[in-house]
Amino acid sequence: MQRKSLWIPRVFMLAALTSTALLAGCVQNQPPIYQWEGYQSQIYSYFKGDSKEAQIAALEEGLQKIQAKNGAVPPGYHAQLGMLYMETGKSDQMAREFEAEKTLFPESTQYMDFLLKNAKNGSTQ
């Protein structure tokens with residue numbers, strides 16, 4: 001009965017473990033792309049029907065924090081703020097926020113234009 005050499009599988013195993021260890025050492029923790037600053041909790045508050053003014057204040061405060069950190073505003077942040085302004089009758093601020101959303105996220109242009117058009121026609125649906 002011949003005895004198989006274990007030397008070759010051990011070499012491959014050692015090479016695989018060494019490669020894995022080296023590659024794991026190269027992994028870097030990436031910072032988040034966007035700074036959320038309570039945005040998600042404000043969306044939840046919106047659907048719960050909480051005070052629009054309180055939501056606006058919280059989103060404005062979050063926006064100031066993001067800007068102070070020189071961070072990136074997440075998609076929809078300005079749109080949500082604009083919707084809240086629309087629902088509270090602040091059309092100038094609504095338009096400013098929708099335009100900011102369009103500038104930061106050009107893919108939202110069609111929807112922001114739709115909302116602006118509906119707001120000018122008096123429809124909030």
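Each residue takes its place number in the sequence, starting with 1.
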- line: Contacts satisfying ring pair (Phe, Tyr, Trp, His ring centres under 6.0 Å) that involve residues 91-112 (not counting sequence neighbours) are none
query: Between Ser41 and Gly38, what is the shortest heavy-atom contact and its length?
result: OG-O, 2.8 Å
query: Has Glu107 got more than 12 heavy atoms of other residues, nucleotides or ligands less than 6.0 Å from its CD?
result: yes
- line: side chain to side chain donor-acceptor pair (under 3.5 Å) filter on Glu60, not counting sequence neighbours, yields Tyr85
query: Any salt bridge (charged side-chain N to carboxylate O under 4.0 Å, His left out) pairs touching residues 12-21, not counting sequence neighbours?
result: none
- prompt: Nearest heavy-atom pair of Ala95 and Leu116: which atoms, and what distance?
  reply: CA-CD2, 3.8 Å
Show which side-chain atoms of residues 77-84 pair as donor or acceptor with protein atoms under 3.5 Å away, not counting sequence neighbours.
unit_1: Tyr77; atom_1: OH; unit_2: Leu59; atom_2: O; d: 2.7
unit_1: Tyr77; atom_1: OH; unit_2: Leu63; atom_2: N; d: 3.2
unit_1: His78; atom_1: ND1; unit_2: Glu97; atom_2: OE1; d: 2.5

message: Run the side chain to side chain donor-acceptor pair (under 3.5 Å) test against Glu99 and tell me which residues pass, sequence neighbours left out.
response: Lys102
task: May I ask you to decide if Pro75's main-chain N or O and Glu101's side chain share a donor-acceptor pair within less than 3.5 Å?
output: no
- request: Could you pull out the closest heavy-atom pair between Asp50 and Gln55, with the gap in Å?
  value: O-NE2, 2.8 Å
message: With clusters defined by side-chain heavy atoms of hydrophobic residues (ILVMFWY) lying less than 4.5 Å apart, directly or transitively, does Ile56 cluster with Tyr44?
response: no
- line: Here the salt bridge (charged side-chain N to carboxylate O under 4.0 Å, His left out) pairs for residues 63-86, sequence neighbours left out, are Glu37-Lys69, Glu61-Lys65
statement: One should read off an interatomic distance between Gln42 CD and Lys48 NZ, to the nearest 0.5 angstrom, of 9.5 Å
- prompt: Between Tyr39 and Gly76, is there a donor-acceptor pair closer than 3.5 Å when you use the side chain of the first and the backbone of the second?
  reply: yes
field: Which atom of Gln35 lies closest to which atom of Pro74, heavy atoms considered
entry: O-CD, 3.4 Å
